[in-house]
Trainee: 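The following block contains the structure, expressed as structure tokens.
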Amino acid sequence: MRLSKAFIPTQKETPAEAEILSHRLMLRAGMIKPHAAGIYSYLPLGWRTLRKIEGIIREEMDRIGGQEFLLPVLSKRDIWEKTGRWQQAGELMFRLKDRKGADLCLAPTHEEIFAAIAAGQIRSYRDMPQIWYQIQTKFRDEPRPRSGLLRGRQFLMKDSYSFDVDVGGLDQSYRLHREVYQRILKRCGLDFFTVRASSGIMGGSESEEFMVLSSAGEDKAVLCKSCGYAANLEVSTSKAPAYPCETEEVKKVYTPGKKTIEEVSGYLHVPPQRLMKSLLMISQKGPVMVLIRGDHQLNETKAQQVFGCEFRPAEPEEVLKLTGAQAGFIGPVGLEGIEIIADLALKGARGLITGANEDDHHLTGLEPGRDFKVDRYTDLRTVLPGDLCPECTSPLDISSAIEVGHIFKLGTKYSEALGATFLDADGEHRPIIMGSYGIGLERIMVSAIEQHADKDGIVWPITIAPYQVHILPLNFEHEEVRRLSERYYDVLIGRRFEVLMDDRNLRAGTKFKDADLIGIPVRVTIGERTLKEGKIEIRLRKTGKVYKVDKNDAADKIAAVVERLSAEMH
RNA sequence: CGGGGUGUAGCGCAGGCCGGUCAGCGCACCUGCUUUGGGAGCAGGGAGUCGGAGGUUCAAAUCCUCUCACCCCGACCA
């Protein structure tokens with residue numbers, strides 16, 4: 001492509017709305033154009049990179065026997081009703097009506113539709129295993145789109161689904177996907193890791209996320225440097241360092257108006273670790289009191305699992321009715337008929353302080369088991385930095401990360417709801433065992449920029465760069481400069497390389513700045529100065545390393561550099 | 001949904017409090033000349049319903065009311 005003819009609207013200044021690096025660079029490099037919150041147009045340069053990513057994903061999916069589909073975006077209500085997600089997905093789903101008034105949605109994901117196809121066509125255990133995938137736009141009306149392409153309301157995803165006859169088959173399909181995702185991300189030049197994750201409203205048993213460390217990321221990953229333990233903060237466990245405490249007498253103290261941990265801890269001059277949060281929850285099975293150490297936070301994902309059902313905090317009237325006191329002054333002591341669940345960090349603790357079930361009073365010196373009953377100890381808290389690794393007891397780190405992929409063992413939730421059953425070898429009807437595997441194309445692109453950029457612009461990994469070679473004639477009016485540039489351009493294109501040539505009649509400085517911004521891995525600089533020595537320059541965007549090569553066999557040298565860079569990515 | 005911020009030319013912004021030569025600056029763009037190894041110089045030029053609607057006023061970018069959009073923090077998030 002000749003830059004004189006290309007639509008690559010680079011900008012010197014950064015649009016004010018862009019906060020994160022990748023967003024700023026993509027706007028400045030003329031890759032994307034904002035349309036509405038969380039909705040972007042992809043301009044030619046941005047689209048080329050997305051298509052590169054798409055190509056890598058397609059190659060790798062096909063390699064494991066995946067078969068590509070293209071499913072509809074418009075989807076009718078009934079199949080979503082069958083799995084309960086028409087209600088469950090709530091406002092996240094874009095909904096519309098057709099002219100007859102029938103309900104439709106823009107599909108936010110495609111489990112239902114793929115499962116419905118399987119329900120009709122897969123009838124025998126002989127028809128499996130199957131891996132079906134598509135690369136397509138998803139629509140989700142996010143509560144808050146943000147960070148450029150990181151969380152959009154419309155985005156590209158490769159989603160695949162596996163169909164197996166048994167759990168062993170699912171394990172195999174899941175493992176294939178884990179391996180293929182690792183290959184995809186590696187080929188895209190990402191430094192990533194996997195974490196155990198929550199399966200959320202997808203349902204299912206096991207799930208892992210593919211994460212890229214980045215301060216721009218919205219997820220928090222808990223990492224152990226010494227043993228490699230890694231988990232999403234939502235599901236991570238840890239051993240809390242024990243807080244030293246001694247046996248005390250129980251005393252009731254007057255704490256007028258002191259409701260929060262901070263207030264009580266300040267008023268009584270004790271650290272928050274000595275306090276115990278007593279949280280009254282209403283689950284579908286009835287009221288439950290949850291006990292957490294004062295400096296800890298209740299982890300709702302874990303609580304959900306422990307309760308085995310939906311729950312919510314009790315309303316003020318319910319708190320009063322069940323405990324006789326206002327929230328802030330409640331506790332487990334003397335509480336009858338309410339299940340009490342405590343976080344593991346409280347096991348063996350002594351001298352605790354919590355509400356007395358009497359307004360403006362707290363109890364001190366409490367000991368679980370001695371002063372109140374605990375029906376169950378379990379892990380309920382969110383990990384804090386410095387907590388100890390559950391596997392090797394080294395201190396844990398918590399880092400921000402971008403979730404680029406997520407794989408799930410779904411089981412039979414969708415196949416049962418949609419009647420996707422098959423006949424096994426014994427002639428029995430059984431539901432198909434499904435897995436679901438997503439990977440975000442924009443998130444790969446964003447992550448690549450976040451991980452590979454410098455003050456001057458993007459530094460593309462060659463596998464996903466919009467072009468491989470950027471020919472930069474410094475003065476296109478100069479005859480020899482022009483002649484050589486045209487020659488390399490033709491030769492390289494003839495050899496199937498992807499080449500951008502800056503044939504614009506601009507000053508050298510402008511061309512350099514644009515080249516750095518766009519970030520093509522191999523730059524070929526052709527100027528009068530080095531031509532006097534009979535040389536041209538090959539410069540690597542990543543390292544800044546310059547090779548001066550003879551002007552007559554430069555094309556071979558350029559090709560060799562591109563091939564070497566590409567080979568390094570496998 | 002709660003809190004905060006911003007809407008003035010393609011991009012970045014000033015002006016707003018104190019209504020009246022107030023439609024402005026820089027970049028980008030167009031023309032010409034000079035320039036050509038890290039975002040050139042000079043001269044000339046085009047471009048904006050001041051987010052929208054209503055109101056106050058002789059007069060509104062500026063004051064008032066409503067509204068829309070975008071960004072950030074939080075809640076939420078397959």
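Letters A, B, ... are given to chains in the order of the sequence lines, protein chains preceding strands, and every chain is numbered from 1.
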Trainee: Any base atoms under 4.0 Å from A/R28, or only sugar-phosphate, or nothing? Heavy atoms, all strands.
Mentor: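 Base contact.
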Trainee: Using the C1' atom on both, measure B/G10 against B/G48 and round to a whole Å.
Mentor: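 B/G10 and B/G48 have their C1' atoms separated by 11 Å.
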Trainee: Send over the distance from A/F512 CZ to B/U36 C1', rounded to a whole Å.
Mentor: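 Answer to the nearest Å: 11 Å.
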Trainee: Ignoring hydrogens and geometry beyond distance, is the side chain of A/Q11 in donor-acceptor contact with the base of B/G12 at under 3.5 Å?
Mentor: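 By the distance-only test, no, there is no pair.
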Trainee: How would you label the contact of A/R482 with the nucleic acid (heavy atoms, under 4.0 Å): base, sugar-phosphate, or nothing?
Mentor: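 Contact class for A/R482: none.
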Trainee: Whole angstroms only, please: what is the CD-P distance between A/E112 and B/A78?
Mentor: 14 Å
Trainee: Taking any heavy-atom pair under 4.0 Å as a contact, classify A/S147: base, sugar-phosphate, or nothing.
Mentor: sugar-phosphate
Trainee: Between A/R95 and A/D103, is there a side-chain N and carboxylate O pair less than 4.0 Å apart?
Mentor: no
Trainee: Does the pair A/K455/A/D516 count as a salt bridge with the N-to-O cut at 4.0 Å?
Mentor: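 Answer for the salt bridge query: no.
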Trainee: Does A/E537 reach a base, just sugar-phosphate, or nothing at all? Heavy atoms under 4.0 Å.
Mentor: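 Base, at least one base atom sits under 4.0 Å.
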Trainee: Roughly how far apart, to the nearest Å, are B/U57 and B/G16 at atom P?
Mentor: 25 Å
Trainee: Could you tell me if the side chain of A/I439 sits less than 4.5 Å from the side chain of A/L185, heavy atoms only?
Mentor: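 Yes, their side chains come closer than 4.5 Å.
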Trainee: Find out whether A/L104 and A/K76 are in side-chain contact, i.e. whether some heavy atom of one side chain is under 4.5 Å from a heavy atom of the other.
Mentor: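 SC-SC contact between A/L104 and A/K76 confirmed.
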Trainee: Base, sugar-phosphate or nothing for A/P15? Non-hydrogen atoms, less than 4.0 Å.
Mentor: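 Result for A/P15 = sugar-phosphate.
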